[in-house]
Colleague: 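Here it is: the structure, laid out below.
In the text below, chain A, chain B and the rest are named by the order of the sequence lines, each starting its count at 1.
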Amino acid sequence: MKSLRSQNYYEVLGISRYASPDEIRDAYELSKLTFTQNSMATYSLFSEDENREILDLITKACETLLNPELRREYDTYLDSGDKADRPSWEEREVALLAQGHAHRQQGGMLHNGVSTSEAPIGRGGAMESPTQESPHSETRSMNSMKGANDAERYIESVETYTGESLRRFREIKGLALSDLANSTKIRNTYIGYIEEENFSGLPAAVYVKGFVKLIAQALGLPADKVTHDYMIRYRSLEGKNQA
Amino acid sequence: MGQLFQKKEIFAVGGGKGGTGKSFFAVNLAIVLARGNHRTLLIDADLGGANLHTCLGIPAPESTLSDFIQSPTLRIEDVIVETPLANLRLISGAQDILDIANPKYTQKIKLIRAIQTLEIDFVILDLGAGTNYNTLDFFMVADKGILVVIPEPTSIENAYRFIKSALYRKLKMLASDPQTKGIIEKAMDKKNAYGLRTPVELLDFITQENATTGEFLRREMNRFQPRIVLNQVRSLADVRIGYLMQNACRKYFGVQVDFLGYIENDDQVWQSVRKRQPITLNGGYSKITQSFQIITQNLIQGLQLKPE
Ligand SMILES: Nc1ncnc2c1ncn2[C@@H]1O[C@H](COP(=O)(O)OP(=O)(O)OP(=O)(O)O)[C@@H](O)[C@H]1O
Ligand SMILES: [Mg+2]
């Protein structure tokens with residue numbers, strides 16, 4: 001048996017390469033029960049953080065395999081062998097998702113304390129709608145000089161990064177949503193939802209984390225701190241939504 | 001060379017925590033096997049609290065397992081006693097606290113060798129509580145090890161400790177070089193300097209140091225396949241704990257645990273224990289007997305409980 005991080009999604013869920021969607025869902029339900037906080041089966045083995053990490057991974061595995069398009073991509077990826085120069089699946093996946101390929105078609109089917117949930121099926125329609133453009137988009141070139149100073153000052157003033165601070169910072173840099181979408185390869189609707197902290201429109205937590213990191217990098221913000229702050233906020237707000 | 005063709009399987013029943021029903025399980029498993037026309041030998045290997053003869057409702061035998069282990073002249077046949085049930089024989093445990101032996105590994109191997117010479121189909125070792133070396137060694141030499149767990153945090157925790165201790169002891173014995181042995185020994189301590197928490201991490205670490213040894217131990221670990229039986233179950237949610245434990249073990253230990261089945265909590269059980277009449281002997285068709293039949297089938301056929 002390999003360590004969890006080196007297991008592929010099928011191994012993580014303990015299912016075969018040919019598992020049906022129902023088998024995947026069953027494996028997911030079982031894992032959710034196993035790795036929730038205070039679960040009798042795990043409290044003496046794993047810490048809360050570890051349980052959450054495992055659940056994140058399981059959620060990700062499950063969402064990938066329940067999405068026919070992503071699963072096909074993933075199988076192809078697995079079959080392509082373990083070459084050293086091969087990009088990681090995470091890179092490939094974030095790229096696919098960012099372009100709006102294979103977003104969750106089973107929206108709202110998987111929920112736990114971590115992943116986004118309750119998004120009604122058919123939400124896809126709303127995702128296609130354009131998000132509002134930044135008011136600064138036309139004055140971008142004018143702002144770029146002044147932007148550099150503002151940006152520095154802004155970074156110093158921020159204690160905790162939120163969706164709002166990502167938006168403000170993007171605007172200070174004079175970037176439109178579509179600019180950021182181009183440079184990060186993340187769909188602008190997703191970027192919009194991240195800024196608005198509208199979590200129900202977003203894929204599972206692990207993806208959100210990946211997106212936020214890409215956005216932070218593109219904006220030249222301290223990516224680790226941004227992701228860390230954002231995910232803490234994400235979890236606490238998610239918890240409230242569910243309660 | 002007749003024995004070569006004789007199928008003989010040794011089952012060990014343990015589980016860490018005391019009073020979960022290990023002896024109850026061992027006795028009734030033995031009865032179901034004997035009833036199924038399998039020649040069965042029940043061995044009371046609980047060297048601290050032998051009581052299987054009482055569970056079976058027979059008087060304390062004169063010679064015991066300790067006698068056999070300690071005496072160079074006694075043959076295994078000398079300590080086997082018949083029971084009222086056809087096909088079921090017993091080796092009783094130590095009666096007197098002073099008899100408690102602390103057999104060395106070689107002495108345990110002597111027992112296993114002697115067992116191999118017997119005309120018998122199945123052997124069941126009741127190990128008693130705890131995770132001392134005696135218990136772990138018997139668990140490892142058995143073909144299949146069974147943990148009797150009850151759906152309570154302490155029992156589950158003890159079962160995990162048991163699995164971890166047995167696994168580390170097995171790996172340490174199999175590792176031939178002193179360096180690897182040293183790493184495993186250190187890893188047994190929860191707060192080890194290497195920061196190794198789980199068996200999976202340990203094996204990754206060993207593989208980094210020595211790829212051949214690492215791969216060898218990984219193969220052995222894949223062959224380590226403890227079984228669990230959930231006893232004293234009160235609800236469907238309790239039953240599910242079997243599957244949850246299985247899932248947790250796969251992630252934490254990297255070990256495949258088979259969930260054989262469950263036995264309900266039932267007043268008839270303690271009544272039967274009190275009357276010294278094993279419950280599966282009552283005849284008739286009880287839920288408990290049915291559970292034992294399912295578990296026994298799963299055990300001998302290498303299967304698991306099918307999820308509902
Ligand atoms: N399924 C059950 N329903 C009700 N009572 C049970 C059940 N299983 C076991 N018991 C009760 O639990 C008690 C302990 O059982 P048993 O002696 O078999 O445990 P044990 O694990 O062998 O204990 P030890 O660790 O001391 O060897 C018995 O008195 C028995 O009546
Ligand atoms: Mg006992």
Side-chain angles (χ1 to χ4, degrees), chain A residues 1-62 65 82 84 110 112-114 206, chain B residues 16 149-164 167 190 196-208 214-215 217-225 228 230 236-257 259 307-308:
Chain A
M1 183 90 36
K2 295 178 281 183
S3 71
L4 204 58
R5 271 171 216 87
S6 55
Q7 289 176 16
N8 71 42
Y9 287 165
Y10 294 97
E11 291 165 333
V12 162
L13 288 166
I15 53 176
S16 88
R17 276 286 294 262
Y18 308 101
S20 69
D22 276 344
E23 285 169 325
I24 296 171
R25 258 175 240 122
D26 286 349
Y28 176 74
E29 285 304 320
L30 186 73
S31 296
K32 213 168 65 173
L33 285 170
T34 314
F35 299 101
T36 45
Q37 286 168 34
N38 301 323
S39 155
M40 243 206 267
T42 51
Y43 85 94
S44 64
L45 297 180
F46 299 105
S47 70
E48 267 182 35
D49 283 349
E50 286 168 325
N51 268 344
R52 182 155 42 218
E53 196 184 315
I54 295 173
L55 257 189
D56 272 356
L57 185 60
I58 285 163
T59 307
K60 193 166 153 186
C62 193
L65 299 185
D82 207 0
L110 300 179
N112 57 50
V114 210
V206 273
Chain B
V149 183
I150 58 177
E152 282 173 12
T154 45
S155 171
I156 294 168
E157 199 172 334
N158 282 4
Y160 288 151
R161 195 172 306 144
F162 191 102
I163 292 174
K164 188 167 176 178
L167 181 62
K190 244 184 163 172
L196 300 173
R197 290 196 46 243
T198 69
V200 177
E201 286 174 9
L202 169 65
L203 275 206
D204 282 352
F205 186 78
I206 293 174
T207 310
Q208 269 174 24
E215 286 315 313
L217 292 181
R218 205 179 292 272
R219 275 195 302 279
E220 287 298 327
M221 186 153 133
N222 287 341
R223 282 172 35 193
F224 180 71
Q225 192 180 354
I228 49 177
L230 264 190
L236 221 64
D238 280 354
V239 175
R240 210 158 44 195
I241 288 175
Y243 297 106
L244 302 188
M245 285 182 71
Q246 189 176 41
N247 204 6
C249 284
R250 210 179 52 228
K251 295 281 189 297
Y252 185 87
F253 296 112
V255 159
Q256 168 66 33
V257 170
F259 179 30
E308 268 128 80

Colleague: Taking only residues two or more places apart in sequence or in another chain, which ones pass side-chain hydrogen bond (donor to acceptor under 3.5 Å, both in side chains) with B/Arg197?
Modeller: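 So B/Arg197 forms a side-chain hydrogen bond (donor to acceptor under 3.5 Å, both in side chains) with A/Glu50.
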Colleague: Can you measure from CG (B/Asn247) to NZ (A/Lys32) and round to the nearest 0.5 angstrom?
Modeller: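 These two atoms lie 13.5 Å from each other.
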Colleague: How about CD on A/Glu48, more than 12 heavy atoms from neighbouring residues, nucleotides or ligands closer than 6.0 Å, or not?
Modeller: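 At most 12 heavy atoms, drawn from other residues, nucleotides or ligands, come within 6.0 Å of this atom.
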Colleague: Check step by step if side-chain contact (heavy atoms from CB on, under 4.5 Å) holds for B/Lys251 and A/Ile58.
Modeller: CA-CA 11 Å; B/Lys251 295 281 189 297; A/Ile58 285 163; 4.1 Å; yes
Colleague: With a 4.5 Å cut-off on side-chain heavy atoms, are A/Tyr43 and B/Ile156 touching?
Modeller: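 Side chain of B/Ile156 against side chain of A/Tyr43, heavy atoms only: no contact under 4.5 Å found.
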Colleague: Please classify the contact of B/Tyr252 with chain A as side chain, backbone, both or neither, using a heavy-atom distance under 4.5 Å.
Modeller: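 Contact with chain A is through both the backbone and side chain of B/Tyr252.
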Colleague: Checking B/Gln246 against chain A: side chain, backbone, both or neither under 4.5 Å from a heavy atom?
Modeller: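 Contact with chain A involves no heavy atom of B/Gln246 at all.
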Colleague: Please report the shortest heavy-atom distance between B/Ala248 and A/Ala41, naming the atom on each side.
Modeller: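 Looks like CB-O, 3.6 Å.
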Colleague: Which residues in residues 13-22 of chain A have a heavy atom less than 4.5 Å from any heavy atom of chain B?
Modeller: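 Contacts with chain B: A/Leu13, A/Gly14.
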Colleague: In Å and rounded to the nearest 0.5 Å, what is the OG1 to CE distance from A/Thr34 to B/Met245?
Modeller: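 Reported to 0.5 Å precision, the distance equals 11.0 Å.
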Colleague: How long is the straight-line distance from CE of A/Met40 back to CZ of B/Arg240, given to the nearest 0.5 Å?
Modeller: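 It is 11.0 Å, given to the nearest 0.5 Å.
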Colleague: How close do A/Ser44 and B/Tyr160 get, heavy atom to heavy atom, and via which atoms?
Modeller: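 The pair with the smallest heavy-atom distance is OG-CD1, 3.5 Å.
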